[in-house]
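Letters A, B, ... are given to chains in the order of the sequence lines, protein chains preceding strands, and every chain is numbered from 1.
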Amino acid sequence: MTRATSSLVHSPHFLEGDEFSIDTFALLKQDGSLYEGATVPDLDRDKALRIYHAMVFTRVLDERMLAAQRQGRLSFYMQCTGEEAAVIGSTAALDDADMIMAQYREQGALAYRGFSCDEFMNQMFGNEHDYGKGRQMPIHYGSAKLHYMTISSPLATQIPQATGYAYGQKLAGDGHCTITYFGEGAASEGDFHAALNMAAVHKVPVIFFCRNNGYAISTPAVEQFAADGVAPRAFGYKMRVIRVDGNDVLAVYQATLEARRLAVEQNQPVLIEAMTYRLAAHSSSDDPSGYRSKKEEEAWREKDPILRLRRWLEDREWWSDDEEKALQERLRREVLETMKVAQKRPAPPLESLITDVYDTPTPQLKEQLAALETHIRRYPEAYPKSAHKSASEHSPQGSSTSSGAVTGQGGY
Amino acid sequence: MTRATSSLVHSPHFLEGDEFSIDTFALLKQDGSLYEGATVPDLDRDKALRIYHAMVFTRVLDERMLAAQRQGRLSFYMQCTGEEAAVIGSTAALDDADMIMAQYREQGALAYRGFSCDEFMNQMFGNEHDYGKGRQMPIHYGSAKLHYMTISSPLATQIPQATGYAYGQKLAGDGHCTITYFGEGAASEGDFHAALNMAAVHKVPVIFFCRNNGYAISTPAVEQFAADGVAPRAFGYKMRVIRVDGNDVLAVYQATLEARRLAVEQNQPVLIEAMTYRLAAHSSSDDPSGYRSKKEEEAWREKDPILRLRRWLEDREWWSDDEEKALQERLRREVLETMKVAQKRPAPPLESLITDVYDTPTPQLKEQLAALETHIRRYPEAYPKSAHKSASEHSPQGSSTSSGAVTGQGGY
Amino acid sequence: MATLNLLQAINQALDIAMADNERVLCFGEDVGGFGGVFRATSHLQDKYGKARCFNTPLVEQGIIGFANGLAAQGSTPVAEIQFADYIFPAFDQIVNESAKFRYRSGSLFNVGGLTIRAPYGGGIAGGLYHSQSPEAYFAHTPGLKVVVPRNPHQAKGLLLAAIRDPNPVLFFEPKRLYRASTGEVPESDYELPLGEAEVIKEGSDITLLAWGAQMEVIEEAAELAEKEGISCEIIDLRSILPWDVDTVATSVLKTGRLVISHEAPLTGGFAGEIAATIQERCFLYLESPISRVTGLDTPFPLTLEKEYLPDRLKVFEAIKASMAY
Amino acid sequence: MATLNLLQAINQALDIAMADNERVLCFGEDVGGFGGVFRATSHLQDKYGKARCFNTPLVEQGIIGFANGLAAQGSTPVAEIQFADYIFPAFDQIVNESAKFRYRSGSLFNVGGLTIRAPYGGGIAGGLYHSQSPEAYFAHTPGLKVVVPRNPHQAKGLLLAAIRDPNPVLFFEPKRLYRASTGEVPESDYELPLGEAEVIKEGSDITLLAWGAQMEVIEEAAELAEKEGISCEIIDLRSILPWDVDTVATSVLKTGRLVISHEAPLTGGFAGEIAATIQERCFLYLESPISRVTGLDTPFPLTLEKEYLPDRLKVFEAIKASMAY
Ligand SMILES: Cc1ncc(C[n+]2csc(CCOP(=O)(O)OP(=O)(O)O)c2C)c(N)n1
Ligand SMILES: Cc1ncc(C[n+]2csc(CCOP(=O)(O)OP(=O)(O)O)c2C)c(N)n1
Ligand SMILES: [Mg+2]
Ligand SMILES: [Mg+2]
């Protein structure tokens, strides 16, 4: 695999475009110690542990949900594994009311903001409590109260939207910015180009956060672009840029802190390229052995971002083995129990098929729903999720819950 | 107006991306003498005069056709005025069988290749001799034999197409390349980003030639991008780039010669940014006084690329006042006479409405044509361009020719 | 009341909307200081500042992506696409994003503030790429509203309603009428309802249905028909999506005959949807097949555009054919 | 003859096309060494080299722009769009460019070599963005051909015809059937005609019309109906554009009744075009309104996708309603 390689620097120097070789900003070594000359960012114990908890939760959630998918309980899943530092370190550097417009692999950001395990589960099982009303595939979370825009599958569409959102924030003058996450693959889309150029021209407080994890499904970065990563594109738009070790949560945190300052105080859009690696498969539909070596994966597994932070926390005596054990157990239990409950919750009501297309259903939609209701009343056993209870007595074993034995091949 | 400014160099140095400040390559001063240290490219008298003739023809054509548009003889026109050196100097550096995929302001390239005055006129009047069969607005030329792709109005679509075309040339191994022209405005489209990235990844022999003429209709370059022109984007794709004085035909010629060598011999795509100025209105529908000053225009009129080349030719005694006078007169006469004839030629046959939608008309299209024929036979005087002569006796004064008093507000 | 042309009416609607609500923004290619290539946004930058009325870079997918984000943030963007023919680079942002934003989030987020304006249609010697009528592409997309005004009075009222409607609206302006259509327009702030067709003229023998610039054509055809004693009911659909089935069906139940006309190609055009729905609703009342008078199934031509377009004579012939069936 | 699934049939068609003509190229996101996320292009890179089968960067507008250029140059590109839901960023390149390339140049140039493959359709727990059926968007675009196969045998023959057809063809593959549909497929190189519908089963009471994965559904509905003594004629439209009006009209002239089914939303779906055309062609022979059984006018849902989809029971009900009219 050919990846961007460059020497390391230890302070968050934003490139102006007058130098071209792009260094990588890093603070924390894999053993939990700092690089020589590196200084710890301003991060107290509470915040460090909030970050760490979110990282561990994300890892546990990912492991359990992938297993659930393998058991046929869930149609689809996508793991953040290996990229927790990039996602959570950056979110932690924001104000909790800054807008997040993510791609799909950023569940860690939501976990950091306090999305509950139950909320995660309800979305994944598309049950009646899912904010998205069971309309999108698993992992397409959204939360208005946590300022996390609902995920959209078409890649890169959120990038120019983030520019627009942030332009609105700038006009509102409320001191907030928007961060948008995307993969190095998505950065090839035309929407990426539009978004960065418009942000630079209109001086918009937006942070473009590229998770360069080396692959877009099976396509290695070397077949995605000929350049040294995504970062040099910033010069083409006259945008500040920094490259950061994406497995180093401290560096990501500090880089994003500085980026946010530039965005909010100076209306300077910023591009951050976090060099990381997707340790898991692209999704539950994918098997990476078809396109990369175990050896390569192993090399990156050595750079596990969670372990790296844990060692740093332990060095500071902010964390211990016992606490780790207790946390892991609690989270595992929580995930499993919450999953059980969520999976049993009924599907959203039939009416949810036609609401939210418009602010209020059109006459046509109401007619279509009425016709459907009549039809389902005629064949209740054929539509167990939505047939009236009285009518669905034929299917006693709870097949009216939101997810039966779904074996999806839907997404990729 | 804020425009890219940088110091001048006098040899065609292709930037690798390891330096960032982008100089402008120039050879010829406005007085027709060379910059100190500059050397003349390999250009014999015949070629130099071929270039010069094409430039003068283009200027004359533009003047006459704009006047024709003003008289209501033509629905629409677009001038190349001010950019003749950029367009013709680059085309002259190619093999005549290299593919040209232009935007719309590159009639000079076609003139250089030998498109006849009659061919120009037939297109503009959309008459029965127009290769495009009267389907597109004036200036949407195309020539298969001259390897000039028919112009398409949607901006930037030709840029990724050029990448694909050149990829095909590379596979064919015939030693040809493709050049694609586009404005600095069109370079904002997503298609631009797609095209350059794909060309770099797939090592395609394509030359991306950006005419940075300072405006996209009324939008100045400073509202188009925040960066120093379009050139720095090349680094983001790891593509060779050169900036050239677009009013200096010698520099454009030599830069393109080198670019072609890189493309054809090394499968290296190249970006050329030619700094120039649109001296005329955007099109016959436009009035630039609404968005820029006469003073600015005057400053650029001082840099007239045709005059610059003429002076150089005269210095070499390759050209004289008498020759100039004779050429101007001949071209003016040719344009006027050819126009008269072309304007009187009949419209394409009714059948041309349905041909070329597919390789052969579908049954539906044949039915639609038959119905239309029946209809026109019923109301011949309402469709003077297509009614049978026998039926159209009501309209004796030649109103069955292709263009009546068309006063279009179609394009912009 | 003043006599305005269609462009002036649109400019006035934008002006009122911006004065009324400081979150309304107008942007697009050349819409800033220049006021748009057709001048629909003239003077708005002077009046409301560069932050609220501005040029964008030349990238339609970016314009609509940006507008989607702004709308999600709670602003009321009115984005201009310079010609409807150039809306296609933004198709993904409109069809996959604007249209599905509210639904996919369960209404946590929406882009209801969004309005997209674009000049559309032929008859102005524009050829392939300055003449298209793309309404049917969007009419297949639940979540969008699609509106087409026929004259200055309608344009002002419908555009104000579109801007304030809590759903994304595509507003297609018949550019052939920009200066050609003039009429009395109240100076006040008024709205005309979206989703409602308008019966322009009552009649008993046959219903004629169109929208936008094509209204003129069917009105002229009706005049020809009336001379032959055929009484035409004329309906302006006004909203293509959602469309007013009831008004059309009520009319056809009365007349038993329907001719629909649009400039876009026949196959897959919106007349097909209307015909399919009305034959179902009015089956037993139809005295002749529903007839469509449309552009040919080809790209838009230039020299022969008169031949291509569904003009009053073609509509007149369709009326006679329907009556004689 | 071997028993193949739909994916294998497609892979075989691509293999044959590439072996037969060295100017055929296959590319798209992940189609290279990996063979595509569904494995439709498996082994092609090994067999024909990286120059002819390769990954592209992740940019649909670039993929189709590149493909248009290649086709104009005289090559025969077969571009894959990973899911039909992701074809919209390439909409401009397809609708404004591929479709109009030949016409606008007066046939000086064309992109007739182009084929675009994309998996489409629902029923696989794909939700909003892995389920769409966008054929109607393209069916409104003269210059394109649109083809949808129903099973492996059809897929191979139609895809070979599409690749060799001298016009740009969109080939939508029913991904729900990729592995679910198996059948005998000749090993030979054969083509099935574009633009021709196929009468799958003759019948006398009512005509059922669909395409792609929806064929299974109407066949099952026909079985239910036959049990009640209703004789169904079943037609696979196969080509959406241009479509075979004659075969459908001939059938409806015989049966007097027509039910059309597709997964895409009702409004603006292609069934509307068919209904509009057939009510005109067969007006005096229709014994009941032409009926459409389709997806709802909403984005594609997930949990309630069974409820959303036009299944055999819904089609069966429509048949009965038509018979009882
Ligand atoms: C417009 C669009 N095209 C294609 C896809 C299919 N797809 C889903 S994820 C993916 C790869 C994305 O790679 P990258 O952006 O690097 O993100 P990563 O998965 O590595 O986090 C592809 C091609 C899509 N969702 N949207
Ligand atoms: C996709 C698309 N959007 C908008 C337009 C309308 N339009 C035609 S020319 C033009 C400006 C182009 O500017 P530039 O690329 O700089 O070329 P120049 O006219 O300066 O040569 C615009 C906006 C178009 N033709 N296509
Ligand atoms: Mg990636
Ligand atoms: Mg320009």
Side-chain angles (χ1 to χ4, degrees), chain C residues 60-61 85-96 99-100 103-104 127-129 132 134 136-143 240-243 260 264-284 286 288-292 296-301 325, chain D residues 60-61 85-96 99-100 103-104 127-129 132 134 136-143 240-243 260 264-284 286 288-292 296-301 325:
Chain C
E60 292 77 12
Q61 63 193 109
D85 311 69
Y86 305 136
I87 202 166
F88 300 125
F91 204 73
D92 188 52
Q93 280 286 352
I94 299 171
V95 160
N96 263 344
K100 300 176 172 64
Y103 192 80
R104 73 182 179 210
L128 271 89
Y129 294 117
Q132 294 177 68
Y137 289 116
F138 299 98
H140 187 42
T141 312
I240 312 303
L241 189 72
W243 66 287
I260 313 162
L266 177 79
T267 299
F270 199 66
E273 177 58 38
I274 298 169
T277 302
I278 295 301
Q279 63 86 31
E280 199 168 356
R281 284 281 199 114
C282 308
F283 189 71
L284 297 173
L286 280 176
S288 67
I290 297 166
S291 155
R292 297 182 282 168
L296 304 184
D297 277 333
T298 74
F300 206 101
Y325 191 80
Chain D
E60 291 77 13
Q61 64 193 109
D85 311 70
Y86 304 136
I87 202 166
F88 301 125
F91 204 74
D92 188 53
Q93 281 286 351
I94 299 171
V95 160
N96 262 344
K100 299 176 172 65
Y103 192 80
R104 74 183 179 210
L128 270 89
Y129 294 118
Q132 294 178 65
Y137 289 115
F138 298 99
H140 187 43
T141 312
I240 312 302
L241 188 72
W243 67 287
I260 314 161
L266 177 79
T267 300
F270 199 66
E273 177 59 37
I274 298 168
T277 302
I278 294 301
Q279 64 87 30
E280 198 167 359
R281 284 281 199 114
C282 308
F283 189 72
L284 297 173
L286 280 175
S288 67
I290 298 165
S291 155
R292 297 182 282 168
L296 304 184
D297 277 333
T298 74
F300 207 100
Y325 192 82

Answer yes or no: is there a donor N or O on one side and an acceptor on the other, between the side chain of C/Gln279 and the main chain of D/Pro289, under 3.5 Å? no

Does any N or O in the side chain of D/Glu273 come within less than 3.5 Å of the main-chain N or O of C/Gly272, such that one atom is a donor and the other an acceptor? no

Ranked by heavy-atom pairs below 4.5 Å to chain C, first place among D/Ser291, D/Ser288, D/Ala136 goes to D/Ser288

Taking D/Ile94, D/Thr141, D/Leu241, D/Ile274 one by one, which has the highest count of heavy-atom pairs under 4.5 Å against chain C? D/Thr141

Can you tell me how the ring of C/Tyr137 sits relative to the ring of D/Phe91, calling it parallel under 30°, perpendicular over 60° and tilted otherwise? perpendicular

Mind telling me whether D/Tyr325 and C/Phe283 have parallel, tilted or perpendicular rings, with 30° and 60° as the class edges? perpendicular

Counting heavy-atom pairs under 4.5 Å to chain D, which of C/Ala275, C/Ala276, C/Pro299, C/Pro301 comes out on top? C/Pro299

Count the heavy-atom pairs under 4.5 Å between each of C/Thr298, C/Ile290, C/Val95, C/Leu296 and chain D, then report the option with the highest count. C/Ile290

Sequence neighbours left out, what passes side-chain hydrogen bond (donor to acceptor under 3.5 Å, both in side chains) with D/Glu60? Give chain and number order. none

Partners of D/Tyr103 by side-chain hydrogen bond (donor to acceptor under 3.5 Å, both in side chains), sequence neighbours excluded? none

For C/Tyr129, which atoms come within 4.5 Å of any heavy atom of chain D: side chain, backbone, both, or neither? side chain

Of the backbone (N, CA, C, O) and the side chain (C-beta and beyond), which part of C/Gln93 lies under 4.5 Å from a heavy atom of chain D, both, or neither? neither

Looking only at heavy atoms, which two atoms of C/Thr277 and D/Arg292 are closest? And how far apart? OG1-NH2, 3.1 Å

Separation between NE2 (C/His140) and CZ (D/Phe270), nearest 0.5 Å, reads 11.0 Å

Quick one: do the D/Gln61 and C/Asp92 side chains pair a donor with an acceptor below 3.5 Å? no

